[in-house]
Q: 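Please find one structure pasted underneath; my questions will follow.
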Amino acid sequence: MPKTKIYFASDQHFGIPDDTKSRAREKKFIQWLNHVEKDASEIFLLGDLFDFWFEYKRVVPKGFVRVLGKLALLVDKGIKVRFFVGNHDQWIKDYFTAELGIKTYRKPEDFVRSNMRFHLAHGDGLGPGDHGYKRMKKIFNCAFAKWLFHWFIHPDLGIGLGRYISKSNSPISGQQVEEYLGEQKEWLVQYCRKKQLEAHRDYYIFGHRHLPLEIVIDQKSKYINIGDWITHFSYGEFDGESLKLKFWKGNSND
């Protein structure tokens with residue numbers, strides 16, 4: 001069977017709320033990866049794969065070996081896996097590229113597939129509003145701040161502190177209410193409409209909101225938020241003609 005489909009998933013937040021529940025969700029996500037590898041030519045992961053991630057020079061957070069191993073296996077089989085850094089794993093450096101063969105992106109990117117134009121990003125900090133988070137993001141992305149964290153905080157303390165802050169501080173996490181707020185308060189909808197005036201895209205695809213959404217931007221364009229793998233277990237599937245928002249229920253054959 002030719003592998004022609006493209007899949008999109010986001011916001012797994014592995015590591016929360018505790019190791020046991022996170023492991024169960026990790027296994028469910030791997031089950032989905034086992035399923036889509038049968039016909040996937042490409043997989044886009046749109047950020048927040050982990051609830052917290054920081055790379056020291058020779059140290060990465062403990063755990064997640066099952067999902068990381070599965071992603072490496074998919075790449076070894078010739079499936080292109082691309083990762084957009086989210087607000088919870090923004091301190092990823094070169095581990096994904098060097099160890100797993102996964103290309104990473106830090107800014108919105110356009111892709112053309114089957115004559116369709118896609119605009120992809122995690123979604124944090126885009127559009128108007130959310131000024132508190134945008135200021136916090138500048139601090140966390142400051143090279144000097146990262147240098148201080150790297151050299152003056154032991155990994156055991158640093159990763160533990162990072163996980164605590166990630167869970168407990170909504171301005172840092174960029175956490176939003178998981179309900180549709182209406183176009184005037186949905187910053188990503190406003191972002192899409194502005195970008196569409198600059199250049200046509202058929203699909204705008206983001207995560208971050210943890211809410212599956214499908215919103216018409218104009219007659220030939222849609223904004224799709226692919227939800228999360230905490231409560232919705234949702235994903236996007238592009239078959240070469242159209243993109244559908246789907247929900248993983250599990251497959252007894254996988």
Side-chain angles (χ1 to χ4, degrees), residues 2-12 36 39-49 71 74-75 78-90 92-94 96-97 100-130 133-134 137-138 141 174 176 183 186-229 234-246:
K3 296 188 174 185
T4 58
K5 291 185 178 180
I6 301 173
Y7 291 92
F8 306 83
S10 182
D11 291 271
Q12 292 79 15
V36 304
D39 57 12
S41 63
E42 202 166 7
I43 298 172
F44 288 88
L45 302 176
L46 299 185
D48 287 357
L49 182 65
L71 291 173
L74 293 176
V75 173
I79 298 173
K80 294 180 180 178
V81 181
R82 305 181 189 275
F83 181 76
F84 280 78
V85 174
N87 49 296
H88 280 258
D89 41 32
Q90 60 188 294
I92 280 178
K93 296 179 182 178
D94 64 351
F96 270 36
T97 302
L100 309 179
I102 296 174
K103 187 171 183 179
T104 59
Y105 303 83
R106 296 187 176 274
K107 297 180 180 180
E109 294 280 348
D110 286 334
F111 297 85
V112 177
R113 301 289 186 270
S114 301
N115 295 319
M116 295 283 193
R117 191 174 184 187
F118 297 79
H119 187 75
L120 307 179
H122 177 59
D124 61 310
L126 300 181
D130 210 2
Y133 168 68
K134 289 177 181 177
K137 185 175 181 179
K138 287 182 179 180
N141 281 324
Q176 301 179 46
E183 286 193 15
E186 288 285 347
W187 299 321
L188 286 173
V189 174
Q190 296 182 50
Y191 172 83
C192 293
R193 295 198 184 284
K194 182 178 179 180
K195 296 297 290 186
Q196 191 71 353
L197 294 175
E198 300 172 3
H200 171 74
R201 283 92 170 181
D202 296 280
Y203 292 104
Y204 294 85
I205 308 176
F206 307 114
H208 186 57
R209 284 287 281 113
H210 291 226
L211 184 65
L213 294 171
E214 189 169 349
I215 297 173
V216 173
I217 300 302
D218 62 26
Q219 291 182 344
K220 296 183 178 180
S221 178
K222 286 184 178 180
Y223 154 47
I224 294 179
N225 196 291
I226 50 176
D228 69 10
W229 279 76
S234 47
Y235 63 97
E237 177 184 300
F238 179 67
D239 62 5
E241 296 182 359
S242 63
L243 192 148
K244 295 180 180 178
L245 191 60
K246 294 188 172 184

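Keep in mind it's a predicted model, so treat the numbers as computed, not measured.
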Q: Should Cys192 and Ile217 count as side-chain neighbours, where that means a heavy-atom distance under 4.5 Å?
A: yes
Q: Who pairs with His119 by ring pair (Phe, Tyr, Trp, His ring centres under 6.0 Å), at least two apart in sequence or on another chain?
A: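 Ring pair (Phe, Tyr, Trp, His ring centres under 6.0 Å) check on His119 returns Tyr191, Tyr204.
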Q: Within the structure provided, determine whether Leu243 and Ile205 are in side-chain contact (heavy-atom separation under 4.5 Å).
A: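 Contact flag for Leu243/Ile205 side chains = yes.
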Q: Taking the side chain as everything from C-beta on, heavy atoms only, tell me whether Ile224 gets closer than 4.5 Å to Tyr203.
A: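 The answer is yes; the side chains approach within 4.5 Å.
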Q: With sequence neighbours left out, write down each residue that passes salt bridge (Lys or Arg N to Asp or Glu O under 4.0 Å) with Glu198, or none if nothing qualifies.
A: Lys195
Q: Ignoring hydrogens and angles, tell me if any N or O in the side chain of Ser234 forms a donor-acceptor pair with the backbone of Lys246 under 3.5 Å.
A: no
Q: Can you check whether Asn87's main-chain N or O pairs, donor with acceptor, with Asp48's side chain at less than 3.5 Å?
A: yes
Q: Taking the side chain as every heavy atom from C-beta outward, state whether Val81 and Leu45 have any pair of such atoms under 4.5 Å apart.
A: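 Val81 vs Leu45: side chains touch.
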Q: Can you list the residues that meet the salt bridge (Lys or Arg N to Asp or Glu O under 4.0 Å) rule with Lys5, with sequence neighbours excluded?
A: Asp39, Glu237
Q: Should Asp11 and His122 count as side-chain neighbours, where that means a heavy-atom distance under 4.5 Å?
A: yes
Q: Taking it one step at a time, do Ile6 and Ile43 satisfy side-chain contact (heavy atoms from CB on, under 4.5 Å)?
A: CA-CA 6 Å; Ile6 301 173; Ile43 298 172; over 6 Å; no
Q: Quick check: does any side chain N or O of Gln196 sit under 3.5 Å from a backbone N or O of Ser221, one acting as donor and the other as acceptor?
A: no
Q: Has Arg201 got a side-chain atom pairing as donor or acceptor with Ala199's backbone, closer than 3.5 angstrom?
A: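 Side chain of Arg201 to backbone of Ala199: a pair is present.
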Q: Are any non-hydrogen side-chain atoms of Leu245 and Pro212 less than 4.5 angstrom apart?
A: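 They are in side-chain contact.
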Q: If you measure from CG on Leu211 to CD1 on Ile226, what distance do you get to the nearest 0.5 Å?
A: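 Here the rounded value is 12.5 Å.
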Q: With a 4.0 Å cut-off, would you call Glu42 and Lys3 a salt bridge?
A: no
Q: Do side-chain atoms of Asp202 reach the backbone of Met116 as a donor and acceptor pair under 3.5 angstrom?
A: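 Here the side-chain-to-backbone pair does not exist.
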Q: If the condition is salt bridge (Lys or Arg N to Asp or Glu O under 4.0 Å), which residues does Glu214 pass it with, not counting sequence neighbours?
A: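 Glu214 satisfies salt bridge (Lys or Arg N to Asp or Glu O under 4.0 Å) with Lys222 once adjacent residues are dropped.
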Q: What distance do Ser114 atom OG and Phe238 atom CZ have between them, rounded to the nearest 0.5 Å?
A: 4.5 Å
Q: Measure centre to centre between the rings of Phe118 and Phe111, then say whether the value is under 6.0 Å.
A: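 Centroid distance Phe118-Phe111: not below 6.0 Å, so no.
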Q: Spell out, as yes or no, whether a donor-acceptor pair under 3.5 Å connects the side chain of Trp229 to the backbone of Ala9.
A: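 Flag not set: sc Trp229 to bb Ala9 has no pair under 3.5 Å.
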Q: Heavy atoms, side chains only, cut-off 4.5 Å: are Tyr235 and Tyr7 in contact?
A: yes
Q: Which pair of non-hydrogen atoms, one from Gly47 and one from Ser10, has the smallest distance, and what is that distance?
A: O-OG, 3.4 Å
Q: Do Leu120 and Phe206 pass the side-chain contact (heavy atoms from CB on, under 4.5 Å) test, and can you show the C-alpha distance, the side-chain angles, and the key distance before you say yes or no?
A: CA-CA 6 Å; Leu120 307 179; Phe206 307 114; over 6 Å; no
Q: With Lys220, which residues qualify under side-chain contact (heavy atoms from CB on, under 4.5 Å), at least two apart?
A: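 Expected list: His200, Asp218.
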Q: Measure the CG-NZ distance between Leu126 and Lys107 for me, rounded to the nearest 0.5 Å.
A: 12.0 Å
Q: What's the spacing between Asp228 CG and His208 NE2 if we round to 0.5 Å?
A: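 Separation between the atoms: 12.5 Å.
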Q: Heavy-atom distance under 4.5 Å between the side chains of Thr97 and Ile102, does that happen here?
A: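 Thr97 does not reach Ile102 side chain to side chain.
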Q: Return the set of residues passing salt bridge (Lys or Arg N to Asp or Glu O under 4.0 Å) with Asp239 (not counting sequence neighbours), or none when no residue passes.
A: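 Partners of Asp239 by the salt bridge (Lys or Arg N to Asp or Glu O under 4.0 Å) criterion come out as none, since no residue qualifies.
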Q: Could I get the full list of side-chain contact (heavy atoms from CB on, under 4.5 Å) partners for Val189, not counting sequence neighbours?
A: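 Residues passing side-chain contact (heavy atoms from CB on, under 4.5 Å) with Val189: Glu183, Glu186, Arg193, Ile215, Tyr223.
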